[in-house]
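What follows is a short report on a single structure.
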Number of protein chains: 2
Amino acid sequence: MTPGKVTVYDVAGEAGVSIATVSRVLRDHPNVADGTRDRVKQAIDALGWRPNQTARALAGKTNDAIGIVFPDLSGPYYAEVIRGFERTSGHRSAVHILATHERPSAHDHVRGLAERVDGMVVMGQTVDDELVAELVADGLPVVLLARPAVGSTPVVATDNAGSARALADHLVDHGHDTVALLGDPDHAPDVEERFTAMRGALEARDVDPGEPILTRGFEVEDGAIAMIEAWEAGRRPRAVMAANDQLAAGIYRAADAIGLAIGTDLAVTGWDDHDLAGLLHPGLTTVAQPMRTLGTRAANAVLTLLAGGQVDSVVLETELVVRDSCGPDCPLAPPLPHPSSRSTTGG
Amino acid sequence: MTPGKVTVYDVAGEAGVSIATVSRVLRDHPNVADGTRDRVKQAIDALGWRPNQTARALAGKTNDAIGIVFPDLSGPYYAEVIRGFERTSGHRSAVHILATHERPSAHDHVRGLAERVDGMVVMGQTVDDELVAELVADGLPVVLLARPAVGSTPVVATDNAGSARALADHLVDHGHDTVALLGDPDHAPDVEERFTAMRGALEARDVDPGEPILTRGFEVEDGAIAMIEAWEAGRRPRAVMAANDQLAAGIYRAADAIGLAIGTDLAVTGWDDHDLAGLLHPGLTTVAQPMRTLGTRAANAVLTLLAGGQVDSVVLETELVVRDSCGPDCPLAPPLPHPSSRSTTGG
DNA sequence: TTGTAGGCGTTATCAC
DNA sequence: GTGATAACGCCTACAA
């Protein structure tokens with residue numbers, strides 16, 4: 001049986017035709033007599049033949065695959081993007097997902113991936129500009145996702161600056177006059193964008209955020225540690241804007257340890273609208289990103305590129321999700337103690 | 001420039017040798033004169049040659065890649081597994097991640113992936129037994145992850161039954177005598193295992209869990225909806241054991257809507273020890289799985305298989321994480337209002 | 001130690 | 001319509 005070993009030659013022999021004809025039938029080429037076509041088709045599934053993908057790729061055609069490179073896969077963010085991506089592109093190509101995890105070998109892995117796909121999506125700070133440029137120069141269709149532009153390569157992104165400013169303004173409206181930023185802008189371009197916009201909005205209202213409280217990653221634990229250390233070092237913000245929801249959750253934990261009440265003693269905001277964000281106590285004020293749409297758009301973009309089309313960059317809207325962690329008596333927050341009306345399933 | 005177009009022939013020409021020698025140098029074959037080796041190496045990086053992976057694979061050798069198939073990528077579970085997996089195998093091979101999302105085309109995608117890798121890890125209910133058997137029969141090294149065995153294919157799994165029983169017992173110890181199961185056992189073999197064990201433990205203590213409250217998925221929203229519907233249908237459990245933490249979080253939401261207090265009116269347990277589980281209010285009692293280790297073990301297993309070695313199945317220990325959602329005055333729960341001592345970064 | 005030549009399984013360009 | 005046959009880029013006996 002072992003269907004992996006059947007080749008065009010076997011099928012051709014079985015059907016009494018040449019391999020060229022088998023190939024034509026496979027690719028639905030018009031110039032094949034109906035009778036022949038039937039015979040070949042019968043031979044194909046009699047033998048259970050499936051064309052060897054590697055050989056097909058070598059012969060100069062397509063890999064029938066698209067690659068997507070992520071910095072990491074944890075958190076609520078990526079899974080949804082992938083979902084959107086696969087829903088859109090998965091019917092036409094295989095999707096190879098690569099997580100670089102900031103490994104030094106990332107460069108090689110990306111290059112390796114590039115050889116196995118027909119197009120590639122690059123998300124965040126995973127691949128440096130130089131490599132992106134090389135890939136593009138090699139003729140590989142590339143789409144950038146939530147990442148600064150490189151040359152004229154199309155970018156699909158979400159609006160960081162707008163919501164960042166809105167969030168900062170909202171905090172100032174609450175009366176907070178000492179607010180700090182918490183995260184690691186150096187390892188995530190979108191975080192850097194957010195921080196820059198937040199700082200701008202705060203300074204415009206005469207609030208100086210000072211130096212960001214640096215974290216060593218973007219997990220709950222990282223946020224808790226950084227916050228506690230900052231506190232012990234004498235930092236006394238009344239409001240902290242975290243780079244994402246998990247770091248924000250870390251602040252909840254730190255507040256617990258320090259003896260601070262979130263919302264009253266210390267305002268906190270996050271980013272992403274994590275699926276459990278609304279169930280924290282108090283509910284976390286954050287920013288929702290259209291993650292699945294991000295994936296869908298990226299997929300459509302590569303597919304268009306593959307088809308030889310032109311793609312323009314897009315910036316998708318983000319949405320403020322105001323709950324209670326931003327401060328007491330929030331004019332925008334819903335009334336319930338556990339604000340939970342917001343759906344997490346998204347669009 | 002375009003390095004993608006350089007071939008062995010170019011390098012051979014540049015170095016004044018044959019392609020065979022180039023190939024030998026590349027593969028560190030011993031029988032090459034030192035001088036020749038140097039000349040070839042210089043030529044290689046003078047031209048920036050990188051062997052074409054597709055051609056290499058076609059020539060009958062290796063794909064330099066391992067595949068890993070997941071049912072889905074959302075939730076706290078998979079990202080960690082992948083992390084462990086890539087840490088271990090990533091230096092030696094590329095890793096192709098495939099999420100099937102229960103698509104009907106999953107079968108084809110898995111077959112397609114099988115052609116591009118040297119070995120494969122299959123997690124959960126993503127691939128039916130028949131296909132697994134086919135792949136194995138075709139000679140592909142396969143490792144099963146958190147999935148029922150198929151033939152003698154090695155399985156890496158976590159202990160579902162033990163912790164499930166412990167969790168059920170703990171609930172009964174709390175005095176709960178009407179407990180329900182919530183989830184979708186039909187679409188996740190590990191959930192089925194947990195439910196079976198829970199049911200057994202409950203019945204041994206004369207508690208009848210009745211029919212599980214069925215959900216349509218494993219997201220927060222799915223849990224909330226199912227719980228509310230069950231309540232409206234007259235179901236009145238005093239304790240609910242959810243299949244995972246997200247569904248459990250959904251119960252928190254439902255409880256809010258219904259007007260029930262988690263921990264007192266309604267006990268809840270989850271599974272996975274989601275990174276925010278300890279920050280829910282009250283903290284969620286759940287079960288921690290060694291997710292990264294799961295990935296590490298799986299990776300080691302395929303690597304061993306690739307090297308021609310033998311691999312035995314393993315079952316990794318899981319750990320009860322008792323917080324407050326299981327009921328008031330829990331003898332095992334930590335004293336703080338927001339129990340948060342447990343690290344989420346894992347081992 | 002090094003080179004020649006025949007695959008690996010398709011696709012695609014020619015003739016017929 | 002159909003069939004040889006030359007790529008595609010590399011690996012690897014087998015020779016030299």
Side-chain angles (χ1 to χ4, degrees), chain A residues 2-41 43-44 47-65 111-112 114-118 138-139, chain B residues 2-41 43-44 47-65 111-112 114-118 138-139:
Chain A
T2 58
K5 263 40 184 96
V6 180
T7 75
V8 242
Y9 289 95
D10 300 319
V11 176
E14 173 84 8
V17 299
S18 76
I19 60 166
T21 301
V22 175
S23 185
R24 288 198 192 93
V25 171
L26 187 74
R27 301 179 40 76
D28 279 321
H29 192 97
N31 286 13
V32 180
D34 287 353
T36 312
R37 181 185 307 283
D38 290 347
R39 233 161 351 112
V40 171
K41 284 196 169 173
I44 288 180
L47 297 180
W49 177 63
R50 300 166 38 78
N52 179 307
Q53 179 53 51
T54 303
R56 171 177 283 190
L58 215 219
K61 291 301 107 189
T62 163
N63 278 300
D64 282 343
R111 283 226 77 108
E115 287 192 357
R116 309 173 212 244
V117 299
D118 304 321
D138 284 1
Chain B
T2 57
K5 263 40 185 96
V6 180
T7 76
V8 243
Y9 291 95
D10 301 319
V11 176
E14 173 85 9
V17 298
S18 75
I19 62 164
T21 300
V22 175
S23 185
R24 288 195 193 95
V25 171
L26 186 73
R27 303 181 37 77
D28 278 322
H29 191 95
N31 285 14
V32 179
D34 288 353
T36 312
R37 182 187 307 283
D38 290 348
R39 228 159 357 110
V40 171
K41 285 195 169 173
I44 288 180
L47 298 179
W49 176 63
R50 301 166 38 78
N52 180 309
Q53 181 50 52
T54 304
R56 171 177 283 191
L58 214 220
K61 291 301 109 190
T62 164
N63 278 297
D64 282 344
R111 283 224 76 108
E115 287 191 358
R116 307 171 211 243
V117 298
D118 304 321
D138 284 2

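What you are looking at is a predicted structure, and each value in this text was computed from that prediction instead of being measured. Throughout, protein chains are lettered first and strands after them, A, B, ... in sequence-line order, and every chain is numbered starting at 1.
A donor-acceptor pair under 3.5 Å is formed between the side chain of A:Glu115 and the backbone N or O of B:Gln53. Judged by distance alone, the side chain of A:Asn63 and the main-chain N or O of A:Ala57 form no donor-acceptor pair under 3.5 Å. Looking at A:Asp10, its side chain does come within 3.5 Å of a backbone N or O of A:Thr7 through a donor-acceptor pair.
Taking atom CG of B:Leu58 as the reference point, atom P of D:dT12 lies 13 Å away to the nearest angstrom. Remark: C1' of C:dG9 and CG of A:Leu26 are 12 Å apart, rounded to the nearest angstrom. Atom pair A:Asp28:CG and C:dT10:P shows a separation of 17 Å (rounding to whole Å applied). Taking atom OH of A:Tyr9 as the reference point, atom C1' of C:dG7 lies 10 Å away to the nearest angstrom. The NE2 atom of B:His29 sits 13 Å away from the P atom of D:dC11 (whole-angstrom rounding). C:dT13 atom P lies 13 Å from atom CG of A:Asn31, rounded to whole Å. Rounded to an integer number of Å, the gap from CD1 of A:Ile44 to P of C:dT10 is 10 Å. As a whole-Å value, the separation of B:Asp64 CG from D:dC10 C1' is 13 Å.
OP1 or OP2 of D:dT2 has not a single side-chain nitrogen or oxygen of A:Ser18 nearer than 4.0 Å. Side-chain nitrogen and oxygen atoms of A:Thr36 include at least one within less than 4.0 Å of the OP1 or OP2 phosphate oxygen of D:dT2. In terms of phosphate contacts, B:Arg27 brings a side-chain nitrogen or oxygen within less than 4.0 Å of OP1 or OP2 of D:dT12. Checking the phosphate oxygens (OP1, OP2) of D:dC11, no side-chain nitrogen or oxygen of B:Arg24 falls inside 4.0 Å.
Nearest-nucleotide positions on DNA chain C for B:Arg39 and A:Ile19 put B:Arg39 closer to the 5' end.
Side chain of B:Ala20, nearest nucleotide from D:dT12, C:dA12, D:dC10: D:dT12. The side chain of A:Thr21 approaches D:dG3 more closely than any other nucleotide in the set D:dG3, D:dT12, C:dC8. In the set C:dC8, D:dG3, D:dC8, D:dC8 carries the atom at the smallest distance from any side-chain atom of A:Ala59. Counting only heavy atoms from C-beta on, B:Asn52 has its side chain closest to D:dG9 among C:dT2, D:dG9, C:dA5. Taking every side-chain heavy atom of B:Ser23 into account, D:dT12 is the closest of C:dG3, D:dT2, D:dT12. The B:Val8 side chain lies nearest to D:dC10 when the options are C:dT2, D:dC10, C:dG9.
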Next item on the list: Step by step, work out the salt bridge (Lys or Arg N to Asp or Glu O under 4.0 Å) result for A:Arg111 and A:Asp138.
Entry: CA-CA 11 Å; A:Arg111 283 226 77 108; A:Asp138 284 1; 2.9 Å; yes

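A:Ala33 comes within 4.0 angstrom of the backbone, heavy atoms only, and of no base. If you check every strand for non-hydrogen atoms under 4.0 Å, B:Val22 touches nothing.
Counting all heavy atoms, side chain and backbone alike, B:Tyr9 lies closest to B:Ile19 at CD2-CG2, 3.5 Å.
Rounding to the nearest 0.5 angstrom, the gap separating the CG atom in B:Asp34 from the CZ atom in B:Arg37 is 6.5 Å.
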